[in-house]
Number of protein chains: 4
Amino acid sequence: MKQSWRERLYIIIFHTDTPAGQRFDKALLLAIIASLAVVMLDSMAAIHSQYGTLLTGIEWCLTALFAIEYLVRLYCSPKPLSYAFSFYGLIDLLAILPGLLVLVYPDGQYLLIIRVIRMLRVFRVLKLSPYLKQANFLLTALRNSRQKIIVFFVSIATLVTVFGTLMYVVEGPQHGFTSIPTGMYWAIVTLTTVGFGDIVPRTPLGQMIASLVMITGYSIIAVPTGIFTAELANAMRSGDGLLTHNCPTCSKNLHEHAAAFCNRCGNPLFARQDSQANQNAQNDQND
Amino acid sequence: MKQSWRERLYIIIFHTDTPAGQRFDKALLLAIIASLAVVMLDSMAAIHSQYGTLLTGIEWCLTALFAIEYLVRLYCSPKPLSYAFSFYGLIDLLAILPGLLVLVYPDGQYLLIIRVIRMLRVFRVLKLSPYLKQANFLLTALRNSRQKIIVFFVSIATLVTVFGTLMYVVEGPQHGFTSIPTGMYWAIVTLTTVGFGDIVPRTPLGQMIASLVMITGYSIIAVPTGIFTAELANAMRSGDGLLTHNCPTCSKNLHEHAAAFCNRCGNPLFARQDSQANQNAQNDQND
Amino acid sequence: MKQSWRERLYIIIFHTDTPAGQRFDKALLLAIIASLAVVMLDSMAAIHSQYGTLLTGIEWCLTALFAIEYLVRLYCSPKPLSYAFSFYGLIDLLAILPGLLVLVYPDGQYLLIIRVIRMLRVFRVLKLSPYLKQANFLLTALRNSRQKIIVFFVSIATLVTVFGTLMYVVEGPQHGFTSIPTGMYWAIVTLTTVGFGDIVPRTPLGQMIASLVMITGYSIIAVPTGIFTAELANAMRSGDGLLTHNCPTCSKNLHEHAAAFCNRCGNPLFARQDSQANQNAQNDQND
Amino acid sequence: MKQSWRERLYIIIFHTDTPAGQRFDKALLLAIIASLAVVMLDSMAAIHSQYGTLLTGIEWCLTALFAIEYLVRLYCSPKPLSYAFSFYGLIDLLAILPGLLVLVYPDGQYLLIIRVIRMLRVFRVLKLSPYLKQANFLLTALRNSRQKIIVFFVSIATLVTVFGTLMYVVEGPQHGFTSIPTGMYWAIVTLTTVGFGDIVPRTPLGQMIASLVMITGYSIIAVPTGIFTAELANAMRSGDGLLTHNCPTCSKNLHEHAAAFCNRCGNPLFARQDSQANQNAQNDQND
């Protein structure tokens, strides 16, 4: 039956937890990596002049493959429109568009970027369950630290602007600081401890300010690290941090990990087995 | 009425938690960013020669705007003097000063720095409550780690001085280490892992010392990160959801926000004033 | 007796916890370091031309020594074959192979790499118990964070590919970005905050993208650090002093090493087989 | 009396917790910083030629001052010999030695390093109590992580040796990798993410290995950070982590922070105030 064929296709293509689905995903991963390798090899002048036509041929085949895959996805999806406008649906479309556009503009170098965006399809494979759980921990930690990160980035932006302007005024165009944006670019290069060395302070005052920028950058890397570590530790703990044992008296169900008594009704969470013996011991002490 | 008009202005300008206040803050943020963009564009030689007069015009308008805002703030503030000498009051004054000074010294390049300090006004917007709370976590963590950070910086300063002098003696002026301060500048560039590459050791001994500096710098970045992470985790635990009220019986100090009894000793966290009186009060309510 | 001699050799060579074994390991460590020093010194043109024959002689002696050690290990090992194909067995073989191959190809520079792999033999010494325990903490933390790290590396690979292509398109071959792989090499240099400065963006748009790459690299270093710190703290807590035996009543799982009763519910951690029987046993002892 | 004068001197000079002692320490700090400033300024060619004699004069005065201080310390110390051979005693001697040696060798540039070691005297000031406690936290964390750090450094050394040799073989002397030690220097520069850019891979294979080194360096910085953060959190917790409340039954005195029952005798650590009411509540449930 046609119906059942379509359903089977849907399970293979969209469900990653069946053996057939996993095999399909692995084949897809190989095709994506092959297509990226073709783009990269083709960008090297020596290889392009020798194997240019071969690579274009492979690229055509892969684009055709991706086009067929896109059509099959549209065909077997229960809601084709919602797939077409989903994040992955648009990425899938972008994976075949440059191949079609290249017919019109054969030298469109900017299409390269779109072809490389195919790389994002790799994340489909990470939908496999063990990775998904771990990625969720990371995303939860990032989401919880969002506001702290914004405060951090506004501080960084302020530092970059002030130091970039300062260096432009102190060092001036004759030492490479040709404008405030260039000074800010230098400040980012220095604050992030990248240090290309294409623009470098030459005056003693400039070197002192540069030292300040470097030590600042070296120290404040502790801030995002601290934020993320603290949040990740929280996210990892929160799964098993609160005990779900119900209080036998008031049945409140979430308790701290080390709780001995319910913090709503004050009764013990766990019955003592040898309460009699203990009571005697206490009586002995009280005598 | 004039009185009510002034009060309404005060709420719009100083209170960030009303809709009108938030709209005002957003407009202010745009004006600040526009004024920074003008300063940056004007510093680029190509743009300055073409659009210099236009940019000067926009700058004049924005300075006038900031001046009016400053006067309105002074006018509607209940305590104008205490505003004028507060941190933000001085920043607001600095935002308009260079525009006035430029009338006297038209080429005063150093005024640029003051104009860029307007950037600090961006932090007004961060006074919005969710960011303020997060910024407080960061500041608490920094404040608690202050003494550890000072110990760390004194150690860094010692390392920089000793290694900078050592490299000056080992490599000497012929390899770019022209003086001890230059050697210290190099030591900072290397210890912070920035590595511009403008000054570089050439002798085998110098390269060995440089290797030592690099590995030291690479390792001790763990120290501020560790300090800050540990303190931030502390600050977040004690401030976020867990009440710091001490249990009167066992003095356990972290309790859930809704806790009525200590979950360590089972005793009530808050003394009941009189159980009889409470019962009566409840009976009264039920009547 | 021959048998006992072979056993004694086995204990000296393979067991690191006896005094003789530790002395043997220290001698081996010295020989390894000496052989590495010879390889390094020989690679320096000035030293090679002056002391080349001397160094070749020492190298020959050390290779002979390692060959004898390998044969003795084979001889005294209870299972020679399983030793020969174990990780350390293969490393031991690789330590003597280049010395033999050099008879055939005297200028084989690539043999150098194999000779340096002797370095891996240093890890034999770390089999000493205190280091082994600490190395296990590190390995446990790395193993537990494996899946998170893979998610992190796939994200890094995607960023590198997309930014490398973007820079190739924006900056082009005239600014050193000669191909997409070169652009990706630059993206790795920048994202990891190494910043050699051999390839550097020159256009304003390229510098803006570079700034984005640098800030991304500066921020996401928090991710592996956070992952590893959280996992290491876990590994250290569960293995160091706190017993992971679950309480049979409340299933609290971390207890002090000497704990007899659960400190959450007060019930005994271990069932008393028969209190009467225990009492009798104690009485018997007292008699 | 002479005796009391000597004792008073001892308190001023050696005790940092009295007002007079703190004033003395601050004066000493100023003298140390002044002497360092003189050394630095004298190393700059332009300043040396103009103010050389003046700086030599100041240096002489400061050396005399330090010499007097050293003699006074020897005089008023209750155990002069044990002071003279203590760490700070030797540093104090080194602070005056170069001034005396310079009489014999006036151009001894290597004496500069000894003069800079005066910097270490700054740590005397950190003996003030709040800093000492924080420095102790840092030192405890470092001491506890010693063995893990050694495992880490042996791994780093292995990586540097293997990658340095690999790059020497792959890139060769024509691209700046003139010997294996130079290759190892490059590997350290790259692995620590410093990236001077004085030696840079030029072949595609070399760039691939370099990428691997960079990503390794970028990732394993998480290891010392994780080790130190986990240990510091431990060190900070251990001060207040264990409750010193004695068990009322068996008087065991160290308990986990959240312990409700003694983990030796199983009896509650804290008496329940309204045990009668609770018992009734439980009886009601049991009915």
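A note on names: the letters A, B, ... follow the listed sequences, proteins ahead of strands, and every chain is numbered from 1.
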Quiz prompt | Validation row: A:M40, C:T161 side chains within 4.5 angstrom (heavy atoms) | solution = yes
Exercise. Let me know if A:V189 has heavy atoms under 4.5 Å from chain C in its side chain, its backbone, both or neither.
Key: both
Quiz item: Say you draw a straight line from OG1 of C:T190 to CZ of A:F196; how long is it, rounded to the nearest 0.5 Å?
Solution: 3.5 Å
Quiz item: Any chance CE of C:M44 has more than 12 other-residue heavy atoms, nucleotides or ligands included, within less than 6.0 Å?
Solution: yes
Exercise. With the side chain counted from C-beta on, respond yes when A:I220 and C:Y218 share a heavy-atom pair under 4.5 Å apart, and no when they do not.
Key: yes
Quiz prompt | Toward chain C, the part of A:I149 with a non-hydrogen atom under 4.5 Å | solution = neither
Quiz item: Among A:L191, A:D198, A:T182, A:V223, which has the most heavy-atom pairs under 4.5 Å with chain C?
Solution: A:D198
Practice problem: With sequence neighbours left out, write down each residue that passes side-chain hydrogen bond (donor to acceptor under 3.5 Å, both in side chains) with C:D42, or none if nothing qualifies. | Solution: C:H48
Self-check item: Segment of C:V200 engaging chain A (4.5 angstrom heavy-atom cut-off)
Solution: side chain
Exercise. Can you tell which part of C:M184 gets under 4.5 Å to a heavy atom of chain A, answering side chain, backbone, both or neither?
Key: side chain
Exercise. Could you check if a side-chain atom of A:F153 sits within less than 4.5 angstrom of a side-chain atom of C:S219, using non-hydrogen atoms only?
Key: yes
Quiz item: Which of residues 209-216 of chain C get closer than 4.5 angstrom to chain A, counting heavy atoms alone?
Solution: C:A210, C:S211, C:M214, C:I215
Quiz prompt | Among the listed options A:G217, A:G226, A:G197, the residue most often paired with chain C at heavy-atom distances under 4.5 Å | solution = A:G217
